[in-house]
Number of protein chains: 2
Amino acid sequence: MTKAPTRIQQRNQAAILSAGLDVFSQYGFRGTTLDQIAEAAGLSKPNLLYYFPSKEAIHTALLERLLENWLDPLKALDAAGDPVQELTAYVRRKLALSKDFPRESRLFANEILQGAPWIEDILRNDLKRLVDEKAAIIQGWADAGKIAPVDPYHLIFSIWALTQHYADFDVQVRAVLGDRAPYDGAALFLDQLYRKLLGS
Amino acid sequence: MTKAPTRIQQRNQAAILSAGLDVFSQYGFRGTTLDQIAEAAGLSKPNLLYYFPSKEAIHTALLERLLENWLDPLKALDAAGDPVQELTAYVRRKLALSKDFPRESRLFANEILQGAPWIEDILRNDLKRLVDEKAAIIQGWADAGKIAPVDPYHLIFSIWALTQHYADFDVQVRAVLGDRAPYDGAALFLDQLYRKLLGS
DNA sequence: CGTTCTTTTGACCGTTTGGTCAAACCAAGA
DNA sequence: TCTTGGTTTGACCAAACGGTCAAAAGAACG
């Protein structure tokens with residue numbers, strides 16, 4: 001029987017995970033130091049290591065928490081729903097994820113850029129299976145004439161690329177747009193784009 | 001008068017830059033070590049530092065070389081050309097860049113993820129000016145009814161996102177696609193997408 | 001051959017890194 | 001109040017880090 005966590009434990013573990021997310025999502029695993037995380041969390045380094053046994057443990061905890069919800073928007077794509085509505089709703093959910101959890105998106109991007117050393121088998125198994133399944137649904141819609149014929153895999157890639165871009169390349173987007181807010185325009189643009197592509 | 005580089009200098013400098021590109025594009029600046037670069041280049045660490053004075057010098061040289069060509073495809077967008085052809089040609093050029101220089105694309109992605117500490121002012125000045133200029137051209141095309149009305153900034157972002165995705169998220173794309181080659185399908189998909197969006 | 005200039009290397013240095021540990025601190029209940 | 005268990009810390013360690021340097025090795029050319 002595991003002990004229930006005290007209030008202090010909850011607070012400090014949450015602070016460490018948030019600080020770790022800040023730093024890991026910017027600098028990747030190897031570019032991140034425990035001192036950086038400790039300072040961002042407002043703890044001393046030994047105190048940090050009292051809650052997590054190692055740097056890798058913090059990173060793993062973050063990746064696991066991320067993967068729990070990362071695939072949910074795609075899972076929700078329903079074969080029984082209206083095709084164009086299902087797909088534009090998926091785009092909206094993914095864009096909301098980028099807007100509300102940009103650090104998580106960048107953590108994922110960093111992991112992929114490094115060659116996905118921790119989640120490679122998840123990509124090859126869980127992710128591939130899920131995408132194959134949903135791609136089949138999309139292909140079915142196309143075959144039935146409910147949407148324009150498109151390559152379902154590249155359609156899914158395009159949704160990932162377009163939505164995550166606003167989180168991962170946030171600095172560049174803001175440098176170009178200046179004061180203008182990115183996400184309102186993005187939502188409109190993406191809705192327009194996919195309606196035209198799929199043929200509403 | 002500067003001395004002409006010897007053959008050995010040319011070979012070793014090229015080897016160092018290529019090795020540095022390999023490592024920096026995977027692990028970012030802070031996550032990369034001189035020993036990693038030295039080993040990948042087949043040189044000892046002191047020998048490496050005989051050709052470049054510091055780790056940062058290698059990184060800077062790579063970023064400068066990258067920026068020299070990075071904006072060229074957008075610069076080539078011609079107001080006098082046929083709008084849809086100009087834009088789809090831009091997409092093709094960017095996609096070719098991702099295919100032929102994926103490490104450079106990942107180096108850029110890493111720099112942006114880290115908050116663009118080295119190129120922030122280039123983004124805010126050179127890049128912003130260039131995008132403003134080309135966005136005005138696109139807006140002009142839309143106003144003249146030559147293409148469907150779209151937000152020109154998000155249109156450009158979408159081209160960046162979609163093309164660079166195949167280089168930056170290469171591991172994920174390949175994990176999902178298996179053996180199938182990504183770039184042929186991508187080229188077809190992107191051509192289809194932008195023709196429909198812009199209304200040919 | 002000998003000389004000169006370039007290239008390479010082993011040994012080294014100070015700092016940073018991930019991580020340990022014993023001791024001190026502190027909150028809370030008996 | 002005292003005790004007990006969770007929490008915090010300063011001091012410390014070995015390894016890895018970016019970088020230096022003098023000396024050795026090698027190329028080039030008369």
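Each chain gets a letter, A, B and so on, in the order its sequence line appears, and its residues count up from 1.
For C/dT9, one of the phosphate oxygens OP1 or OP2 lies less than 4.0 angstrom from a side-chain nitrogen or oxygen of B/Ser44. At least one side-chain nitrogen or oxygen of A/Asn47 sits closer than 4.0 Å to the OP1 or OP2 atom of D/dT9. An OP1 or OP2 oxygen of D/dG6 is reached within less than 4.0 angstrom by no side-chain nitrogen or oxygen of A/Asn12. Between A/Ser54 and the phosphate of C/dG18, there is no side-chain N or O to OP1/OP2 separation shorter than 4.0 Å. When the side-chain nitrogen and oxygen atoms of A/Gln9 are compared with OP1 and OP2 of D/dT7, one or more of them lie within a distance under 4.0 Å.
B/Glu39 has its CD atom 14 Å from the P atom of C/dT9, to the nearest Å. Atom CG of A/Leu43 and atom P of D/dG10 are 13 Å apart (whole Å). Per the geometry, CD belonging to A/Glu56 stands 12 Å off P belonging to C/dG18, to the nearest Å. In this structure, the CZ atom of A/Arg30 is 10 Å from the C1' atom of D/dA16, given to the nearest Å. B/Ile37 has its CD1 atom 18 Å from the P atom of D/dA16, to the nearest Å. Rounded to whole angstrom, the span from the OH atom of A/Tyr27 across to the P atom of C/dT17 amounts to 12 Å. Here the P atom of nucleotide D/dC17 and the NZ atom of B/Lys45 are 8 Å apart, to the nearest Å. The nearest whole Å value for the distance from the CZ atom in B/Phe52 to the C1' atom in C/dT8 is 17 Å.
Residue B/Lys55 places no side-chain atom within donor-acceptor reach of the base of D/dG19, judged by atom type and a 3.5 Å distance cut-off alone.
Closest to the side chain of A/Tyr50, from the set C/dT7, D/dG19, D/dT7, is D/dT7. In this structure, of D/dT7, C/dA11, C/dT8, it is D/dT7 that holds the atom nearest to the side chain of A/Ile8. Nearest to the side chain of B/Tyr51, among C/dT7, C/dG18, D/dG19, sits C/dT7. Closest contact between the side chain of A/Asp35 and the listed nucleotides D/dT8, D/dG18, C/dT17 involves C/dT17. Closest to the side chain of B/Pro46, from the set C/dA11, D/dA11, C/dG19, is C/dA11. Side-chain proximity of B/Arg7 to D/dA28, C/dT17, C/dT7: nearest is D/dA28.
Using cut-offs of 30° and 60° for the angle between ring planes, the B/Phe24 and B/Phe29 rings count as parallel.
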Legend entry - Audit row: A/Asp35, A/Lys45, salt bridge (charged side-chain N to carboxylate O under 4.0 Å, His left out) steps and yes/no: CA-CA 6 Å; A/Asp35 295 278; A/Lys45 187 167 62 172; 3.7 Å; yes

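Ion pairing of B/Glu120 with B/Arg124 is present here, as a side-chain N (NZ or NE/NH1/NH2) and a carboxylate O approach within less than 4.0 Å. A salt bridge between B/Asp179 and B/Arg174 is absent, with no side-chain N of the basic residue lying under 4.0 Å from a carboxylate O of the acidic one.
Residues B/Phe169 and A/Trp160 place their aromatic rings such that the two centres sit no closer than 6.0 Å.
Residue contacts for A/Leu49: at a heavy-atom cut-off of 4.0 Å it reaches a base atom on one of the strands shown.
Between B/Trp118 and B/Glu56 the shortest side-chain heavy-atom distance falls below 4.5 Å.
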